[in-house]
Amino acid sequence: MADPKPLLFALYEQASVGCGGAPSLWTHPADERLAINSLGYWTNLARIADQANLDMLFFGDVLGFYDVFGGNADAAMKWAVEAPANDPLMIIPALAAVTENLAFGVTVTTSYEHPFTHARRFSTLDHLTNGRVGWNIVTSYLSSAARNFGLEQMIKHDDRYERAEEFLDVVYKLWEGSWADDAVVADKARQLYARGDRVRPINHAGEHYRVAGPHLTSPSPQRTPLLIQAGWSVVVARLRRSTPS
């Protein structure tokens, strides 16, 4: 009988005053969430999670306010329902610096990001955290988010899936197929950082994206970050490795 897979435990968070399904907790006298704009709040939380041997600090995220009830965002503002929505990606390097083993999962949409900049951002985070970063893949569901990116309405369901599929194809090519494992030499005496013949463009030309490459960031500890499928996410991620031979 095979050994059972270990259980992993994560602390769910959002870089907002009102977090997830319990946005009113900030009103409790003992709650400190009004300090979410301070770095000290997050470094303290990360240290506690690390000392408690939790596996991951997981950040949910949204790109718009909830504005359906009453036809406006007044209720969301009053109760800080997942608001204000700061960028969790900006917090992670500081948290990695004060923790030893804690990993960090971040929700990033495929609908309003570009795969080239996304791949560089996550490779950078993977370097800075020494391989402790994961990407929760979503396609977004708020109409207010669509309007924030210049759309009159949300991208249709099947179109979001299709766009996400190609987004994944591009980032896999950048992470796994652009730099060979032996591309980086980093030899001061020879004045040779990387072998140009071992770094190649990806030349992706699809329906939604055209990305030449090469990937701007050298291979990170994981290359592809841990891919996360949260409870209601709408993209099934698959991992393919296509490192140049």
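Between His114 and Tyr209, the two ring planes are perpendicular [angle over 60°; tilted spans 30° to 60°]. Under the 30°/60° scheme for interplanar angles, the aromatic rings of Trp135 and Trp175 are found to stand perpendicular. By the 30° and 60° cut-offs, the orientation of the rings of Phe116 relative to His215 is perpendicular.
Between the side chain of Arg200 and the main chain of Gly213, no donor-acceptor pair closer than 3.5 Å is present. Looking at His208, its side chain never comes within 3.5 Å of a backbone N or O of Glu162 through a donor-acceptor pair. Between the Ser143 side chain and the Gln153 main chain, no donor and acceptor come within less than 3.5 Å of each other. Within the 3.5 Å criterion, the main-chain N or O of Val17 finds a donor-acceptor partner in the side chain of Arg33.
At least one side-chain heavy atom of Gln222 sits less than 4.5 Å from a side-chain heavy atom of Val133. Counting heavy atoms from C-beta outward, His118 and Leu174 have side chains that stay 4.5 Å or more apart. Here the side chains of Met56 and Leu226 are in contact, with some heavy-atom distance below 4.5 Å.
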Side-chain donor-acceptor distances from residues 57-76 under 3.5 Å, at least two apart:
from: Tyr66; atom 1: OH; to: Glu82; atom 2: OE1; distance (Å): 3.2
from: Tyr66; atom 1: OH; to: Glu82; atom 2: OE2; distance (Å): 3.1
from: Tyr66; atom 1: OH; to: Tyr141; atom 2: OH; distance (Å): 2.5
from: Asp67; atom 1: OD2; to: Arg147; atom 2: NH2; distance (Å): 2.4
from: Asn72; atom 1: OD1; to: Asp74; atom 2: N; distance (Å): 2.9
from: Asn72; atom 1: ND2; to: Gly70; atom 2: O; distance (Å): 3.3

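Cluster membership for Tyr161 and Tyr112, using ILVMFWY side-chain heavy atoms within less than 4.5 angstrom, is not shared. Under the 4.5 Å side-chain contact rule for hydrophobic residues, Leu11 and Tyr41 share a cluster. If you chain together hydrophobic residues whose side chains sit under 4.5 Å apart, Ile36 and Val98 never meet in one group. Both Phe9 and Phe104 sit in one connected hydrophobic cluster of ILVMFWY residues. Membership requires side-chain heavy atoms under 4.5 Å apart, directly or through other members. Residues Leu89 and Leu227 are members of one and the same hydrophobic cluster, defined by side-chain heavy-atom contacts under 4.5 angstrom among Ile, Leu, Val, Met, Phe, Trp and Tyr.
Residues passing the side-chain hydrogen bond (donor to acceptor under 3.5 Å, both in side chains) test with Tyr193, sequence neighbours excluded: none.
Nearest heavy atoms, Ser218 versus His127: O-NE2, 2.9 Å. In plain terms, the two heavy atoms of Thr139 and Arg160 that are nearest each other are OG1-NE, 3.1 Å.
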Are Leu34 and Trp26 close enough, and set up right, to give a side-chain contact (heavy atoms from CB on, under 4.5 Å), and what steps lead you there?
-> CA-CA 7 Å; Leu34 290 177; Trp26 65 270; 3.9 Å; yes
Dump the intermediate steps for side-chain contact (heavy atoms from CB on, under 4.5 Å) on Phe122 and Thr224, then the final yes or no.
-> CA-CA 8 Å; Phe122 265 82; Thr224 295; over 6 Å; no
Show your reasoning for whether side-chain contact (heavy atoms from CB on, under 4.5 Å) applies to Asp182 and Arg198.
-> CA-CA 7 Å; Asp182 60 355; Arg198 304 297 284 159; 2.9 Å; yes
Determine, step by step, whether Leu95 and Leu102 satisfy the side-chain contact (heavy atoms from CB on, under 4.5 Å) criterion, reporting the C-alpha distance in whole Å, the side-chain angles of both residues, the deciding distance to 0.1 Å, and the verdict.
-> CA-CA 9 Å; Leu95 307 189; Leu102 187 67; over 6 Å; no
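Arg195 and Asp197 are joined by a salt bridge, as a carboxylate oxygen and a charged side-chain nitrogen come within less than 4.0 angstrom of each other.
Within the structure, side-chain hydrogen bond (donor to acceptor under 3.5 Å, both in side chains) pairs that include any residue of residues 91-105 comprise Thr99-Arg132 (at least two apart or interchain).
Ser123 and Thr217 form no side-chain donor-acceptor contact under 3.5 Å, judged by distance and modelled atom types alone.
Taking CD1 from Ile92 and OG1 from Thr129, the interatomic distance works out to 8.0 Å, rounded to the nearest 0.5 Å. One distance of note links OG1 of Thr43 with CD1 of Ile48; it measures 9.5 Å at 0.5 Å rounding.
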